[in-house]
Amino acid sequence: HEIQSQINKIKNNKDCHYFYNLGSKKYYSLLKISKLLIGNSSSGILEAPTLRTPTINIGDRQKGRLKAKSIIDVPAKSGDVIKAIKKIYSKKFNKMLSVSNNPYGSGNASIKTLNILKKINFEKLNKKNFFDLRK
């Protein structure tokens, strides 16, 4: 309720845009053209790095997860968030961002998995082997 209350205070600001739900296609399209993502969503860990959108990950909800170099972890303190925003706009960070990779891969996992499965001889795998214990 507190978060919704705060959103209601700013959603009519001309510099802010509020969407209750975008759906996948619009969300990823918006994420692709965004300067950065701020929050504690797994999307900032999983999808944003593939799109080379930097993430400011607030709090420890994603603690322990594998993270790309494009992700900056900060505590839930406004000063730390502001420092992270400034870091994202630095030349050094942008240079790193242009060559960073997503540790979770580049997508197309289902196609890669299917290609691996096509190479497996399942008939051979299902054949039962028996061993003579008397030897």
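Along the sequence shown, residues carry numbers from 1. Below, each value reflects all heavy atoms present in this structure, side chains not excepted, and no hydrogens, waters or symmetry copies.
- A 4.5 Å side-chain heavy-atom check between K87 and I72 finds at least one atom pair inside the cut-off.
- For K83, the NZ atom sits in a loose shell: 12 or fewer heavy atoms of surrounding residues, nucleotides or ligands are nearer than 6.0 Å.
- Of the possible polar contacts, one joining the T113 side chain to the A109 backbone as a donor-acceptor pair under 3.5 Å is found.
- Side chains of L36 and T55 form no contact here, defined as non-hydrogen atoms less than 4.5 Å apart.
- Under a hydrophobic-cluster definition in which Ile, Leu, Val, Met, Phe, Trp and Tyr are linked whenever side-chain heavy atoms come within less than 4.5 Å, directly or via other members, Y20 and I7 are assigned to the same cluster.
- Between L46 atom CG and Y104 atom OH the span is 6.0 Å, to the nearest 0.5 Å.
- Under the side-chain contact (heavy atoms from CB on, under 4.5 Å) rule, I56 has a single partner from I38, N40, I82, which is I38.
- Y28 belongs to a hydrophobic cluster whose other members, connected by ILVMFWY side-chain contacts under 4.5 Å either directly or through intermediates, are F19, L22, Y27, L30, L31, I33, L37, L51.
- Between S42 atom OG and N57 atom CG the span is 10.0 Å, to the nearest 0.5 Å.
- The structure places CD1 of I58 at 11.5 Å from OG of S41, a figure rounded to the nearest 0.5 Å.
- V99 belongs to no multi-residue hydrophobic cluster, having no ILVMFWY side-chain contact under 4.5 Å with any other such residue.
- No side-chain heavy atom of I71 sits less than 4.5 Å from a side-chain heavy atom of P54.
- At a threshold of 4.5 Å between non-hydrogen side-chain atoms, the residues N101 and P49 do not count as touching.
- A distance of 7.5 Å separates OG in S70 from CG in N102, rounded to the nearest 0.5 Å.
- Atoms NZ and OG1, on K32 and T50 in that order, are 10.0 Å from each other to the nearest 0.5 Å.
- Residue pairs satisfying the salt bridge (Lys or Arg N to Asp or Glu O under 4.0 Å) criterion with at least one member in residues 40-67, sequence neighbours excluded, are listed as follows: K67-D73.
- Interatomic distance, S98 OG to F93 CZ, rounded to the nearest 0.5 Å: 11.0 Å.
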